[in-house]
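Here is the structure we will look at.
Side chains included, hydrogens not; waters and symmetry mates left out as well; all remaining heavy atoms used. Chain A is the first sequence line, chain B the second, and so forth, proteins listed ahead of strands; every chain is numbered from 1.
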There are 2 protein chains.
Amino acid sequence: MNIGEAAEASGLSAKMIRHYEAIDLLQPQRRGNNYRDFSAHDVAELSFIRHARDLAFPLEDVRRLLALWRDRGRASAEVRRIALDHVAALEEKAHSLQAMAGSLRHLARHCQGDGRPDCPILDQLEAGAEPGETLVAAATFPPLARTPLSGPSKESAG
Amino acid sequence: MNIGEAAEASGLSAKMIRHYEAIDLLQPQRRGNNYRDFSAHDVAELSFIRHARDLAFPLEDVRRLLALWRDRGRASAEVRRIALDHVAALEEKAHSLQAMAGSLRHLARHCQGDGRPDCPILDQLEAGAEPGETLVAAATFPPLARTPLSGPSKESAG
DNA sequence: GCTTGACCCTGCCACCGTGGGAAGCACCAC
DNA sequence: GTGGTGCTTCCCACGGTGGCAGGGTCAAGC
């Protein structure tokens with residue numbers, strides 16, 4: 001099966017499949033013309049990768065999960081641990097985002113949003129977080145390592 | 001004020017300050033020796049940028065907010081709109097992450113996590129989302145544009 | 001045979017935001 | 001003049017994906 005069919009079958013782009021091969025997530029055979037030749041097994045692995053990515057597992061986790069999946073005799077404990085670590089990371093990120101959204105929503109609620117120039121949102125951005133007031137976000141941020149949202153990564157948040 | 005002091009005062013790294021200058025977020029003066037010379041006003045802008053980044057505003061939003069902040073006569077409506085759009089994006093992302101976490105946690109709950117090889121997590125990754133079962137995540141994902149979490153961006157999810 | 005078009009190949013650049021490091025200049029203290 | 005520190009610019013890396021350029025390959029049609 002050529003890469004185009006494999007892409008369609010797995011729901012991944014051909015581009016990504018080549019990338020996953022380049023980083024050694026899978027090793028499809030090559031034919032005489034140097035075209036990749038995907039077996040049904042390769043396609044199953046690609047689907048696996050896609051489902052794992054759908055759950056936002058980083059590729060390094062995907063690599064480990066794939067290895068465990070391939071290992072018939074693996075212990076499910078290891079899989080479970082990876083999954084729960086990822087759950088924790090996802091939830092931490094989600095909470096952090098929600099804290100930011102909450103702070104910002106709070107500010108926006110006190111902003112007239114009319115033609116006048118006074119705006120608590122800008123005031124807050126100018127002044128920074130007041131102690132005991134809004135902006136819980138920064139506090140929950142630091143320990144977050146994976147799933148690098150475009151937000152700040154500042155460890156130095158003091 | 002040199003870049004090192006400005007960095008300390010604003011809580012940003014010197015590296016990032018140079019970057020923000022490179023993308024025209026601010027234009028500090030230069031001294032005869034080609035060193036950047038940050039005024040108190042520059043530092044206030046840097047702090048503004050940092051606070052906006054703490055709330056995960058993407059830099060393009062930061063640019064707009066800075067422009068509005070500089071404009072004494074701006075209408076707060078515009079600021080409010082940017083903020084609320086961002087809140088919506090944050091919440092969408094947060095919900096999507098929580099949906100993924102929920103699916104995964106659900107799977108992990110049914111995983112023995114012992115030495116035995118059977119594992120619903122791997123089964124699910126192999127089979128993909130069953131209709132009406134778990135994996136709400138993919139459904140909520142597509143429209144998300146900003147705050148590019150490391151998760152999949154797949155538009156082609158059919 | 002030859003052309004056309006769809007497919008495949010590799011390789012490079014872009015995004016976003018940040019960190020790391022190299023190589024060279026500026027400054028200050030001794 | 002020497003050492004250390006800070007500044008300058010420039011390039012590379014990450015993670016994950018898209019895009020495009022410049023080529024090779026194959027199957028179909030004439």
Check the distance between C:dC9's C1' and A:Ile17's CD1 and give it to me in whole angstrom. 14 Å
Suppose the criterion is salt bridge (charged side-chain N to carboxylate O under 4.0 Å, His left out): which pairs have a residue in residues 32-49 of chain B, not counting sequence neighbours? B:Glu21-B:Arg36, B:Arg31-B:Asp37, B:Glu45-B:Arg70
So does B:Arg53 get a side-chain nitrogen or oxygen closer than 4.0 Å to the phosphate oxygens (OP1/OP2) of C:dT18? yes
Across all chains, not counting sequence neighbours, the side chain to side chain donor-acceptor pair (under 3.5 Å) partners of B:Arg63 are B:Glu60
Just one of B:Ile3, B:Leu46, B:Val43 clears the side chain to side chain contact (heavy atoms under 4.5 Å, CB included) bar with B:Leu12, so which one? B:Leu46
State whether the number of non-hydrogen atoms from other residues, nucleotides or ligands found under 6.0 Å of A:Glu8 atom CD is greater than 12. no
Given C:dT18, D:dT17, D:dT8, identify the nucleotide with an atom nearest to the side chain of A:Met16. D:dT17
Could you write nucleotides 20-30 of chain C as a row of B, S and -, 5' to 3', where a protein heavy atom under 4.0 Å of any base atom gives B, of only sugar-phosphate atoms gives S, and otherwise -? BB----BS---
Distance, rounded to the nearest Å, where A:Leu25 contributes CG and D:dG16 contributes P: 10 Å
For B:Glu5 and D:dG6, what is the distance between atoms CD and C1' respectively, to the nearest whole Å? 11 Å
For A:Gln29, does the CD atom have more than 12 heavy-atom neighbours from other residues, nucleotides or ligands under 6.0 Å away? no
Rounded off to whole Å, could you give me the OH-to-P distance for the A:Tyr20 and D:dG16 pair? 8 Å
Can you tell me the distance, in whole Å, between the CG atom of A:Leu59 and the P atom of D:dC14? 13 Å
Could you tell me how far apart B:Leu12 (CG) and C:dG19 (C1') are, to the nearest whole angstrom? 14 Å
Sugar-phosphate, base or nothing in reach of B:Arg30, heavy atoms under 4.0 Å: sugar-phosphate
Take atom CZ of A:Phe57 and atom P of D:dG16, then tell me their distance rounded to the nearest Å. 13 Å
So does A:Glu91 get a backbone contact from the side chain of A:His95, meaning a donor-acceptor N/O pair under 3.5 Å? yes
On the nucleotide C:dG19, are OP1 or OP2 found under 4.0 Å from the side-chain N or O atoms that B:Ser13 carries? yes
Remember a base hit wins even if backbone is also touched, and classify B:Arg36 as base, sugar-phosphate or nothing at under 4.0 Å, heavy atoms. sugar-phosphate
Please tell me which of the listed nucleotides, C:dT18, D:dG16, D:dT8, lies nearest to the side chain of B:Arg18? D:dT8
To the nearest Å, how far apart are A:His19 NE2 and C:dC12 C1'? 15 Å
Trace of the side chain to side chain contact (heavy atoms under 4.5 Å, CB included) decision for A:Ser96 with A:Met100: CA-CA 6 Å; A:Ser96 148; A:Met100 291 188 270; 3.6 Å; yes
